[in-house]
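Below is one structure, written out as structure tokens, with a few remarks after it.
Quick note: numbers below take in every heavy atom, side chains included, and nothing from hydrogens, waters or symmetry partners.
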Amino acid sequence: MRKLLRVVFGIFVVLFFMFSGVVVYNYLFKAKSDDMQYNTALIQEQLKNVSKLVVTEATFSQVMTYKDQQKYLMNLVSFDKKAVVIVNAKATVSYDLSQLKYQIDEKNKVVQLLYIPEAEVQIYPDYQILDVEQSTFNPFKGDDYNKINAKVKKDLEAKIEKSTLKSNAENRLISELSKILIVTQTLGWKLEYQGNVIQQDKDLVFDMAL
């Protein structure tokens, strides 16, 4: 009888530990799974928050003189025309982060940035033509206005290259992407771009070429 009781007790002990093991395993596994889902949701939410249009703008002003000369009779006679052009323009550099492409690797706890949109430069010129001087033999025509418009745009592009507009726009881009970096590092994940692990803000340097 005692032998039977020992056998029954032994079976009970074994079943108890098996049951306890299953319960503990399920609890830990479920907790880990819930934690992973929670972390992934936080990262996706942050990625959603930065998926917007980042725009940096600046205004530019200048005064330019447009000149043109028409010569006749083997360059012995010439007729000039000129005008003063006052330019006020707005320029923007933007990043459409809704085009940002990424991949979340839950198993290895890695967020991979697959594609970061390039900067887009837009120029909105507004100019006035004053002090127009012309002659009957060399009047202002539509082609002159096209030349003025082309010169205004060229001059503004040169001003933008020498200004801080592009670098300011890049800093704003880095600021937005840094929010993703902060979340991933806080959760113990990694942020990667082009196969490199992003560890700090200065690693977030991208080509501004257009």
Side-chain angles (χ1 to χ4, degrees), residues 29-62 64 87-127 146 148-210:
F29 181 80
K30 185 176 185 302
K32 183 177 180 181
S33 177
D34 290 344
D35 184 58
M36 180 64 70
Q37 291 178 0
Y38 177 73
N39 291 345
T40 302
L42 283 178
I43 292 172
Q44 288 178 331
E45 183 64 24
Q46 187 58 66
L47 287 164
K48 179 181 178 182
N49 289 338
V50 302
S51 295
K52 58 188 177 183
L53 184 65
V54 178
V55 182
T56 303
E57 64 178 48
T59 57
F60 299 89
S61 299
Q62 72 176 71
M64 57 173 279
V87 183
N88 291 292
K90 181 177 77 172
T92 64
V93 177
S94 61
Y95 290 92
D96 186 1
L97 291 181
S98 66
Q99 298 179 18
L100 181 71
K101 295 181 180 179
Y102 59 88
Q103 180 174 294
I104 298 177
D105 182 354
E106 291 186 348
K107 181 180 179 181
N108 297 306
K109 294 185 177 181
V110 175
V111 176
Q112 297 173 325
L113 299 180
L114 304 177
Y115 171 75
I116 297 174
E118 295 182 352
E120 296 181 5
V121 175
Q122 298 290 338
I123 301 174
Y124 307 94
D126 180 20
Y127 57 86
N146 292 335
I148 290 173
N149 189 60
K151 180 169 175 54
V152 167
K153 184 177 180 181
K154 183 177 180 180
D155 288 352
L156 287 173
E157 289 175 346
K159 279 181 172 288
I160 291 172
E161 289 297 326
K162 294 179 181 179
S163 74
T164 60
L165 181 58
K166 286 187 175 182
S167 61
N168 290 342
E170 184 178 12
N171 288 336
R172 286 199 59 190
L173 171 67
I174 292 174
S175 177
E176 290 298 322
L177 295 178
S178 292
K179 296 175 183 178
I180 304 173
L181 176 62
I182 292 172
V183 171
T184 53
Q185 288 183 335
T186 301
L187 297 175
W189 288 48
K190 291 181 181 179
L191 180 65
E192 293 183 353
Y193 179 59
Q194 294 183 338
N196 298 317
V197 177
I198 306 301
Q199 296 180 330
Q200 50 191 333
D201 289 357
K202 70 178 184 179
D203 296 331
L204 293 165
V205 178
F206 306 100
D207 188 6
M208 294 285 290
L210 300 174

| Smallest separation among heavy atoms of Pro117 and Gln99, with atom names | CB-OE1, 4.0 Å
| Which residues satisfy the side-chain hydrogen bond (donor to acceptor under 3.5 Å, both in side chains) test with Asn149, sequence neighbours excluded? | none
| field | Residue of the set Val152, Ile148, Asp126 for which side chain to side chain contact (heavy atoms under 4.5 Å, CB included) holds with Val87 | value | Val152
| task | Taking all non-hydrogen atoms of both residues into account, name the closest pair between Glu192 and Val110 and its distance. | result | CD-CG1, 3.7 Å
| Sequence-distant partners of Gln44, side-chain hydrogen bond (donor to acceptor under 3.5 Å, both in side chains), two or more places apart | none
| remark: Rounded to the nearest 0.5 Å, the CD1 atom of Ile116 sits from the CG atom of Leu97 at a distance of 8.5 Å
| said: Could you measure the distance from the CD1 atom of Ile198 to the CD atom of Gln185? Nearest 0.5 Å is fine. | reply: 10.0 Å
| Between Phe60 and Ile160, is any pair of side-chain heavy atoms under 4.5 Å apart? | yes
| note | Nearest heavy-atom approach of Ala89 to Pro125 is CB-CA, 3.7 Å
| note | side-chain hydrogen bond (donor to acceptor under 3.5 Å, both in side chains) filter on Ser163, not counting sequence neighbours, yields none
| Thr186 side chain reached by Leu42 side chain, heavy atoms, under 4.5 Å | no
| query | From Gln122 CD over to Lys90 NZ, what is the distance, rounded to the nearest 0.5 angstrom? | reply | 10.5 Å
| Distance (rounded to the nearest 0.5 Å) between Asp105 CG and Gln112 CD | 6.0 Å
| message | Could you tell me if the side chain of Tyr95 sits less than 4.5 Å from the side chain of Leu100, heavy atoms only? | response | no
| query | Heavy atoms, side chains only, cut-off 4.5 Å: are Thr184 and Gln46 in contact? | reply | no
| task | Under the side-chain contact (heavy atoms from CB on, under 4.5 Å) rule, collect the residues that match up with Ser175, sequence neighbours excluded. | result | none
| task | Would you indicate whether the side-chain heavy atoms of Trp189 and Glu106 approach each other to under 4.5 Å? | result | yes
Using residues 49-57 as the side-chain source, report each donor-acceptor pair under 3.5 Å to any protein atom, sequence neighbours left out, with the distance given to one decimal.
| residue | atom | partner | partner atom | Å |
| --- | --- | --- | --- | --- |
| Asn49 | ND2 | Glu45 | O | 3.3 |
| Ser51 | OG | Leu47 | O | 2.8 |

| said: Within the supplied structure, the quantity of interest is the number of heavy atoms (other residues, nucleotides, ligands) at a distance under 6.0 Å from Lys153 NZ; does it exceed 12? | reply: no
| message | Within the structure provided, determine whether Leu191 and Leu113 are in side-chain contact (heavy-atom separation under 4.5 Å). | response | yes
| remark: Hits for side-chain hydrogen bond (donor to acceptor under 3.5 Å, both in side chains) against Gln62, two or more places apart or cross-chain, chain-then-number order -> Asp155
| note | Distance col, row Leu156:CG vs Lys154:NZ, nearest 0.5 angstrom, shows 12.5 Å
| request: Grab the two heavy atoms, one from Leu114 and one from Gln103, that are nearest each other, plus how far apart they are. | output: CD1-CB, 4.0 Å
